Number of protein chains: 2
Amino acid sequence: MSDTPSSVQLGLPGRKPVISREDIIAAALKLLGPTRSVSTLSLREVAREAGIAPNSFYRHFRDLDELAVALIDLAGESLRQIIGEARQRATSKHSVVQGCADAFMDQLRADDRLLHILLREGTVGSAAFKHAAERQLSFFEDELRLDLIRLAKMKNSGLHEPALTAKAITRLVFAMGATALNLPEDKHAELTEQIVVMVRMIIAGTQALAASKTKNPA
Amino acid sequence: MSDTPSSVQLGLPGRKPVISREDIIAAALKLLGPTRSVSTLSLREVAREAGIAPNSFYRHFRDLDELAVALIDLAGESLRQIIGEARQRATSKHSVVQGCADAFMDQLRADDRLLHILLREGTVGSAAFKHAAERQLSFFEDELRLDLIRLAKMKNSGLHEPALTAKAITRLVFAMGATALNLPEDKHAELTEQIVVMVRMIIAGTQALAASKTKNPA
DNA sequence: GCAAATAAAATACAGTTGTCTATACACCTG
DNA sequence: CAGGTGTATAGACAACTGTATTTTATTTGC
């Protein structure tokens, strides 16, 4: 989307940048963990980790909020791609729900720290911060909504309020994922199972509501 | 639960405390808002707001984490009471779901800032911090579970995995509530409606799953 | 009144933060 | 080579942080 000023350095005068936006993002990711959230990062800390002077940070980002938004977008794109792959992979082997839940939790366990960001930092931080997180979530909802419609047609089953159904599933899964971050790994399997049942519940519910609507349209 | 050292001052020597735990909690609440979360509060700031010297804070709390846990517990108890009232009030007038959702959103709008804490701070902060939030959520789940069982018996409808159903509803409602905090007030009605439909979806789902289980026990 | 006890305040310290200013560096073009 | 240009650094500043130590204030029992 946004071309970094350092990616295309065609014949411009001046000293070459020794560091790129991506390097700073990578440094910020290195600092994150179960006890460190993006909103607790300091400019100096990130600069230190990236091996640059504090002031050099400003060459790449206006402020920490801009870094945070970049991280959120990155996390969203990354996770969407993984879930997308899981979706296609699952249609043949296991159920879609199970496949996506597994992929989700696998990613959680792998912990490239991107997922952490998306899961828990949407509720804190500045307005720009929250807006970016909401936007990424809405992307998920949209993709899921289309998938639900496709699935309902295929199975010839009802689907009450596709958008709301997608939203419910997305929010619930993310909320459950956020709690998983605080849990030891040996509880993850149990939690994955819980997520699967919950999602099945919502799907069964949307089908039931659709059925009762056609039967009782008043 | 825990008696404050200042609440019962029977014949002890020494200077009387000019400020109580509750005063500090109130000061902290005053500082919170849509842009300030508990985890961003500083000890000095709270002490300043409470009108005491920074060090005096330690007389009442070991550290900010202890304050945060107190705030979370307070928020949980407060909200549970309100939801409890809504539950009883709703059984006669409207549906239980609608009544509770309304009460929830009313409380959100009223913004005594307690709800904000519970909604969004469970995902950030120290381990003690998160644990306190999880505990409060589990209280909600438990109350809701009992209610669901009662309701299912009354209406003679099925109920697949009561605990999971309660957990799904709780987490989903809280997640939706958290997003409501970032929304302007004129969107709250729409969001309340969404929550109601979502909850109905889950309830319909748990009933459908229960029905399919009795039909197909294999 | 006096000593003990408790609470609060005053002072101080080392650390960190964001940002400003000035300066050194590396690179391209002429 | 010089000149310009964009990048990165160094140093400094005021503000803030949590906390340790010391001092003051206020209350009680004798």
Side-chain angles (χ1 to χ4, degrees), chain A residues 2-28 30-32 35-70 124-126 128-129, chain B residues 3-28 31-32 35-70 124-126 128-129:
Chain A
S2 62
D3 48 350
T4 63
S6 57
S7 59
V8 272
Q9 187 89 9
L10 22 81
L12 283 168
R15 179 177 175 177
K16 270 185 197 164
V18 308
I19 222 171
S20 69
R21 255 177 95 99
E22 284 69 31
D23 291 328
I24 295 182
I25 289 179
K30 240 187 276 181
L31 291 170
L32 296 179
T35 56
R36 294 297 310 272
S37 64
V38 177
S39 37
T40 67
L41 290 179
S42 80
L43 187 151
R44 286 183 107 106
E45 199 179 8
V46 174
R48 213 179 301 135
E49 180 67 36
I52 58 173
N55 260 320
S56 302
F57 180 88
Y58 294 117
R59 297 264 163 203
H60 304 277
F61 296 95
R62 182 191 310 273
D63 50 25
L64 280 174
D65 258 32
E66 200 173 298
L67 209 206
V69 171
V124 278
S126 71
F129 206 120
Chain B
D3 48 350
T4 63
S6 57
S7 59
V8 272
Q9 187 91 6
L10 20 83
L12 284 166
R15 180 175 175 175
K16 274 182 191 164
V18 308
I19 222 171
S20 68
R21 256 177 93 99
E22 284 69 30
D23 292 328
I24 295 182
I25 290 179
L31 290 170
L32 296 180
T35 56
R36 294 298 307 270
S37 65
V38 177
S39 38
T40 67
L41 289 180
S42 81
L43 186 151
R44 286 183 109 107
E45 199 179 8
V46 174
R48 213 180 301 136
E49 180 68 35
I52 58 172
N55 258 319
S56 301
F57 179 89
Y58 294 116
R59 296 262 162 205
H60 305 277
F61 297 95
R62 184 191 308 274
D63 50 24
L64 280 173
D65 258 32
E66 200 174 298
L67 209 205
V69 170
V124 277
S126 70
F129 206 120

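In this text the structure is predicted, and so the values were computed from the model without any measurement. So that the names make sense, note that chain A is the first sequence line, chain B the second, and so on, each numbered from 1.
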Q: Round to the nearest Å and state the distance from B:I19 atom CD1 to C:dA9 atom C1'.
A: 13 Å
Q. Can you list the residues that meet the side chain to side chain donor-acceptor pair (under 3.5 Å) rule with A:S56, with sequence neighbours excluded?
A. none
Q) When the distance from CG of B:D63 to C1' of D:dT19 is rounded to whole Å, what number comes out? A) 12 Å
**Q.** side-chain contact (heavy atoms from CB on, under 4.5 Å) partners of B:A47, counting only residues at least two apart
**A.** B:I52
Q. Side chain of B:P13: nearest nucleotide among D:dT19, C:dA9, C:dA5?
A. C:dA5
Q.
OP1 or OP2 of C:dT17 versus the side-chain N and O atoms of A:R48: is any pair under 4.0 Å?
A. yes
**Q.** Atom-pair distance (CZ on A:R59; C1' on C:dC25), nearest Å
**A.** 12 Å
Q. Can you list the residues that meet the side chain to side chain donor-acceptor pair (under 3.5 Å) rule with B:E45, with sequence neighbours excluded?
A. B:R36
Q) Does any non-hydrogen side-chain atom of B:L43 lie less than 4.5 Å from one of B:P54? A) yes
Q) Could you state the CZ-P distance from B:R15 to C:dA7, rounded to the nearest angstrom? A) 10 Å
Q: Could I get the full list of side chain to side chain donor-acceptor pair (under 3.5 Å) partners for B:S126, not counting sequence neighbours?
A: B:D65
Q.
Tell me the interatomic distance from B:L43, atom CG, to D:dA20, atom C1', rounded to whole angstroms.
A. 13 Å
Q) Taking only residues two or more places apart in sequence, or in another chain, which ones meet A:R48 in a salt bridge (Lys or Arg N to Asp or Glu O under 4.0 Å)? A) none
Q) Closest to the B:I52 side chain: C:dA9, D:dA8, C:dA7? A) C:dA9
Q) Picking from C:dT19, D:dT17, C:dA8, which would you name as closest to the side chain of B:S42? A) D:dT17
Q. Starting at the 5' end of DNA chain D, which residue's closest nucleotide do you reach first, A:V18 or B:L41?
A. A:V18
Heteroatom pairs (N/O) under 3.5 angstrom, protein to nucleotides 10-12 of chain D:
unit_1, atom_1, unit_2, atom_2, d
D:dA10, N6, A:N55, ND2, 2.9

Q | Rounded distance in Å - NZ (A:K16) to C1' (C:dT29) | A | 15 Å
Q) Roughly how many Å is it from CG in A:L64 to C1' in C:dG18, rounded to a whole number? A) 9 Å
**Q.** B:S56 side-chain proximity, nearest of C:dA24, D:dT19, C:dA8
**A.** C:dA8
Q | B:Y58 side, atom OH; B:E66 side, atom CD - distance, nearest 0.5 Å | A | 12.0 Å
Q: Output yes when at least one side-chain N/O atom of A:H60 is less than 4.0 Å from OP1 or OP2 of D:dT7, else no.
A: no
Q. When the distance from CZ of B:F57 to P of D:dG18 is rounded to whole Å, what number comes out?
A. 9 Å
